[in-house]
Amino acid sequence: MNIRKARIDDLSRIAEIYVFNNRMNYFPIFKDESFSFGELQVVSLADKYFGKDEIMKNIFIYDDNGLIKGFIQMDKTEICKIYVDTFFQSEGIGNMMIEYAIKEFHADNLWVLEKNSRAISFYQTHGFYPTGEKKFEEDTTEYLLKLVR
């Protein structure tokens with residue numbers, strides 16, 4: 001397994017993976033051009049969001065001989081984010097990262113967009129199931145579902 005703790009010099013790649021996954025997976029749901037293609041930018045995200053020490057200590061990346069192909073962000077036993085670069089999806093990287101989180105951090109819960117059926121199916125494959133608990137994604141009318149393991 002090629003999973004390691006993220007470093008400062010990984011930030012732009014992590015932000016790039018996050019931004020493009022967000023656009024591919026969430027723009028079709030939210031249809032918010034000003035956010036997806038205006039506010040959501042790699043450089044500002046790397047500077048503002050991922051540059052915080054409390055966040056950085058909880059990000060782990062899938063490093064394939066110097067090429068970052070994905071990352072996972074944890075908060076204790078909660079999976080906060082798990083993204084694989086769209087060019088490397090369906091290669092088992094997401095599987096390795098979630099299994100790493102389960103083994104190393106005893107990952108047992110997460111929130112997922114109700115309309116993101118692909119992600120829900122992925123999580124269910126790894127033993128996560130819906131609790132029935134829902135909440136709105138911040139500043140939207142879209143629901144997040146709570147999944148537990």
Q: For residues Glu142 and Tyr26, determine if any side-chain heavy atom of one lies less than 4.5 Å from a side-chain heavy atom of the other.
A: no

Q) To the nearest 0.5 Å, what is the distance between CD (Gln73) and CE (Met56)? A) 10.0 Å

(Q) I'd like to check Glu137 versus Trp111 (side-chain heavy atoms, cut-off strictly below 4.5 Å). Are they in contact? (A) no

(Q) How long is the straight-line distance from OH of Tyr62 back to CG of Leu67, given to the nearest 0.5 Å? (A) 10.0 Å

**Q.** Ring-face cation contact, Phe27 with Arg23, 6.0 Å cut, 45° max
**A.** no

Q: Kindly say whether Ile68 contributes a backbone atom to a donor-acceptor pair with the side chain of Arg13 at under 3.5 angstrom?
A: yes

Q) Any idea which heavy atoms bring Met97 and Tyr83 closest together, and the distance? A) CE-O, 3.6 Å

(Q) For Tyr100, is there any backbone N or O sitting under 3.5 Å from a side-chain donor or acceptor partner on Lys103? (A) no

Q. Please walk me through it: do Leu147 and Tyr129 pass side-chain contact (heavy atoms from CB on, under 4.5 Å)?
A. CA-CA 5 Å; Leu147 303 183; Tyr129 59 91; 5.8 Å; no

Q | Student check: side-chain heavy atoms of Tyr143 and Lys135 closer than 4.5 Å | A | no

**Q.** Side-chain heavy-atom pair Ile3, Ile61 within 4.5 angstrom cut-off
**A.** no

**Q.** Side chain Asp75, main chain Glu78, donor-acceptor under 3.5 Å
**A.** no

Q. Rounded to the nearest 0.5 Å, how far apart are CD1 of Ile79 and CD1 of Ile102?
A. 6.0 Å

Q: Start with the C-alpha gap between Phe128 and Asn109, add the side-chain angles, then the distance that decides, and say whether side-chain contact (heavy atoms from CB on, under 4.5 Å) holds.
A: CA-CA 7 Å; Phe128 289 83; Asn109 72 100; 5.5 Å; no

**Q.** Side chain to side chain, Lys5 and Ile59, heavy atoms closer than 4.5 Å
**A.** no

(Q) Could you tell me if the side chain of Phe71 sits less than 4.5 Å from the side chain of Val84, heavy atoms only? (A) no

Q: Check His126 against Asn95 and note the closest heavy-atom contact, atom names and distance.
A: NE2-OD1, 2.7 Å

Q | Nearest-0.5 Å distance that lies between atom CD1 in Ile8 and atom CD1 in Ile14 | A | 9.0 Å

Q) Would you say Val112 and Met24 are hydrophobically clustered, going by side-chain heavy atoms of ILVMFWY under 4.5 Å? A) no

Q. Would Ile72 and Phe87 show up in the same hydrophobic cluster when neighbours are defined by side-chain heavy atoms closer than 4.5 Å?
A. yes

Q: Identify the heavy atoms of Gln41 and Val19 that sit nearest to each other, and give their distance.
A: C-CG2, 4.0 Å

Q. What are the two closest heavy atoms between Glu114 and Ile120, and how far apart are they?
A. O-CD1, 3.6 Å

Q.
Using modelled atom types and a 3.5 Å cut-off, is there a donor and acceptor pairing between side-chain atoms of Asn25 and backbone atoms of Asn21?
A. yes

Q. Taking the six-membered ring of Phe88 as reference, does the NZ or CZ atom of Lys69 fall below 6.0 Å from its centre and within a 45° cone about the axis?
A. yes

Q. Is Arg4 salt-bridged to Asp10, cutoff N-O under 4.0 Å?
A. yes

Q: Quick one: closest heavy-atom pair of Val42 and Ala15, and the distance?
A: O-CB, 3.6 Å

Q | Nearest non-hydrogen partners of Gly70 and Ile17, listed with the distance | A | N-CD1, 3.8 Å

(Q) Do Val43 and Leu40 land in one hydrophobic cluster if side-chain heavy atoms of ILVMFWY residues count as linked below 4.5 Å? (A) no

(Q) Given Tyr123, which partner from the list Val148, Leu110, Asn116, Leu145 fulfils the side-chain contact (heavy atoms from CB on, under 4.5 Å) test? (A) Leu110

Q.
For a side-chain contact (heavy atoms from CB on, under 4.5 Å) check, start with the C-alpha distance between Leu144 and Lys134, then their side-chain angles and the critical distance, and finish with the verdict.
A. CA-CA 6 Å; Leu144 293 169; Lys134 289 183 180 185; over 6 Å; no

Q | Phe105 and Thr77, any side-chain heavy atoms less than 4.5 Å apart | A | no

Q) Within a strict 4.5 Å, meaning less than it, do heavy atoms of the Arg118 and Ser121 side chains meet? A) no

